[in-house]
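As structure tokens, the structure follows; a few thoughts come after it.
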Amino acid sequence: MAAVGDLQFEEFGNAAATAAENPGATTISIEGPGESPTHQAGLPRGSGGEEDDELLGNDDSDKTELLAGQKKSSPFWTFEYYQTFFDVDTYQVFDRIKGSLLPIPGKNFVRLYIRSNPDLYGPFWICATLVFAIAISGNLSNFLIHLGEKTYHYVPEFRKVSIAATIIYAYAWLVPLALWGFLMWRNSKVMNIVSYSFLEIVCVYGYSLFIYIPTAVLWIIPQKAVRWILVMIALGVSGSVLAMTFWPAVREDNRRIALATIVTIVLLHTLLSVGCLAYFFDAPEMDHLPTATAAPNQTVAAAKAS
Amino acid sequence: MAKAAESSGEPGTTWPRPLFAGLSDISISQDILVEGEFTIPMRSHIREFDSSTLNESVQNTIMRDLKAVGKKFMHVLYPRKSNTLLRDWDLWGPLILCVTLALMLQRSSVDSEKDGGPQFAEVFVIVWFGAVTITLNSKLLGGNISFFQSLCVLGYCILPLTVAMLVCRLVLLAEQGPINFMVRLFVVIVMFAWSIVASTAFLADSQPPNRKALAIYPVFLFYFVISWMILTFTPQ
């Protein structure tokens, strides 16, 4: 029986050693951190259940991945290297944004939209827009809430822009870094079928923050109930995009670790949105009426004390 | 100056004539050895006497640069598809505009309120770093505009917003109220639209056609933030 010979002939990289040890098993190559631009991990070679049909449809992406590997071969100190991360057209960016707004169960955002062409345009400019949206909406909302008060003097609160920028950019870059490190560590212990490169994770996080831009604008409405409903909706949409993206990556692992990972991802996302709401938007209080009442100072003082 | 070995240009032309004017008439059917000293001037307009500008009076130097800046201001105020801003870029105009805007936006006194308006340094940093970021973004997307040309265009197109700031400051001298705010809002919106139109007229052609929107959106965001700073300016 020539099974061992066949298996060895099909191996890539240094998986030949493991194939010799386990001739009956299928082996999957796991990329290291230095190879992230030229990874082939988006293509599952194992026997995942529903991924088989997508595997069949991925024949052309096989070639594109090879071509992508050839494209991104400039050294990192040249300008062309960074141009490869902005190699997207307008319609591609719109498609990715649409994909982050309409999570379809079973469809993986990375597989469907990114397809080994992660871009940094989306994450960077969505974060920039979100920073200004939160700062401006917060300022506007506070202005509208305190409109009738005699003692209120409007300030543009420009410091909050830098605080918002720090928070949003730290979230959009450090959390993917931590998640990528964690997934790499788990991949070294457990063979996972799907693994993502660092840039793909940054991409998913960046595009998943898009829903917060209209949410931040709508948070101007000074009603507690409306704001919390918006939080729920935004969290539902972006949380499900993230969960559905990362579930295939941790599914093979220990059940509890997989669940803990997904829960942590969603929890951090919740923390970001609730934290932004609490910090940038003053709480609307029920006794604030924009018309001057008989004893405005007393009402204001009572409201502030509560 | 190099002369083409066969030149069938019009006889009797006086120097200076436009560069390469007779080239379309030339057809060279064999290899011709051309030798000699070649000098190709870099600027499109040739000065009458190619002397250094060290000997001229200071007033001449300053007036020449001011005239160039003023000419570009006119191009921004009446934007047509021309490449004057791109060809003869300079950064004097953006510097003048940025300093003026930052001076007008800063608060009149160093006050103890923590969350006030932007300070001079903040406005300066936002304008220049914003322009640099947009330029980098456009180059990374594959645009074929040079770094300083793009900075020049973005800086010059702040002119309508600087005018809006001037108008707002004047309007704020009158009594405050909703009408005051409406007037300021209208002026700022009009000038914001003007800035966008002007910068798009200059920048749009240098982008690859399927990425124009991706390159223009950051410009929109940039001018929106500056407009917001202008609109929310409150005097002490």
Side-chain angles (χ1 to χ4, degrees), chain A residues 71 74 78-97 119-140 142-144 147 152-165 169 210 213 217 279-280 282 290, chain B residues 102 105-107 111-123 125-126 129-130 133-144 146-147 172 176 178 181 185 207-236:
Chain A
K71 256 190 331 195
S74 313
T78 59
F79 193 69
E80 284 71 31
Y81 176 75
Y82 298 100
Q83 267 186 324
T84 56
F85 302 137
F86 283 77
D87 195 16
V88 277
D89 293 338
T90 311
Y91 76 91
Q92 282 177 318
V93 172
F94 281 150
D95 277 345
R96 292 176 187 192
I97 291 179
D119 70 302
L120 287 179
Y121 177 91
F124 183 77
W125 287 108
I126 291 179
C127 289
T129 313
L130 186 59
V131 163
F132 289 113
I134 286 189
I136 292 178
S137 304
N139 196 234
L140 209 52
N142 292 351
F143 171 71
L144 289 175
L147 192 48
Y152 179 72
H153 177 68
Y154 170 74
V155 284
E157 288 179 326
F158 199 72
R159 295 272 177 276
K160 295 211 164 161
V161 172
S162 18
I163 298 175
Y169 275 101
F210 180 82
I213 297 176
V217 173
Y279 184 71
F280 291 102
D282 285 350
Chain B
L105 268 177
Q106 72 169 357
R107 305 180 69 84
D111 41 29
S112 55
E113 286 181 70
K114 285 185 306 184
D115 288 334
Q119 300 300 316
F120 179 92
E122 286 174 336
V123 177
V125 161
I126 282 187
F129 272 92
T133 310
I134 296 177
T135 308
L136 276 179
N137 174 68
S138 133
K139 284 184 81 69
L140 283 169
L141 282 173
N144 62 351
S146 98
F147 184 75
L172 278 171
Q176 305 260 351
F181 177 73
L185 182 66
Q207 304 299 323
N210 48 349
R211 296 182 185 180
K212 277 206 169 64
L214 295 185
I216 297 294
Y217 170 71
V219 176
F220 172 86
L221 189 64
F222 176 63
Y223 289 127
F224 183 78
V225 170
I226 296 182
S227 311
W228 176 257
M229 288 198 293
I230 292 175
L231 188 59
T232 60
F233 173 76
T234 47
Q236 263 305 74

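Order of the sequence lines fixes the chain letters, A, B, ..., with proteins taken first and strands second; residue numbering starts at 1 for each chain.
- At a 4.5 Å heavy-atom cutoff, the contact between A:Phe124 and chain B is made by side-chain atoms alone.
- At a threshold of 4.0 Å, the pair B:Arg211-A:Asp87 counts as salt-bridged, since one of the basic side-chain nitrogens sits closer than that to a carboxylate oxygen.
- Of the two parts of A:Val88, the backbone and the side chain both hold a non-hydrogen atom closer than 4.5 Å to a non-hydrogen atom of chain B.
- Between the side chains of B:Trp228 and A:Asn139, not a single donor N or O lies within less than 3.5 Å of an accepting N or O.
- B:Tyr217 places none of its side-chain heavy atoms less than 4.5 Å from the side chain of A:Thr90.
- Surrounding CZ of A:Phe94 are at most 12 heavy atoms belonging to other residues, nucleotides or ligands under 6.0 Å away.
- For B:Leu231, no part lies near chain A; criterion is any non-hydrogen pair under 4.5 Å.
- A donor-acceptor pair under 3.5 Å is absent between the side-chain atoms of A:Tyr82 and the main chain of B:Leu140, judged by distance alone.
- A side chain to side chain contact (heavy atoms under 4.5 Å, CB included) with A:Phe158 is found for exactly one of B:Thr232, B:Val123, B:Ile126, namely B:Ile126.
- Side-chain contact check for A:Tyr91 versus B:Asn210: every heavy-atom pair is 4.5 Å or farther apart.
- A:Tyr121 is listed as a side-chain neighbour of B:Pro218, based on a closest heavy-atom distance under 4.5 Å.
- Looking at B:Leu214, both its backbone and its side chain come within 4.5 Å of chain A, counting heavy atoms on both sides.
- The backbone N or O of B:Lys139 lies less than 3.5 Å from a partner atom in the side chain of A:Gln83, making a donor-acceptor pair.
- With values rounded to the nearest 0.5 angstrom, A:Phe85 atom CZ is found 14.0 Å from B:Leu141 atom CG.
- Around CZ of B:Phe129, the count of heavy atoms belonging to other residues, nucleotides or ligands within 6.0 Å does not exceed 12.
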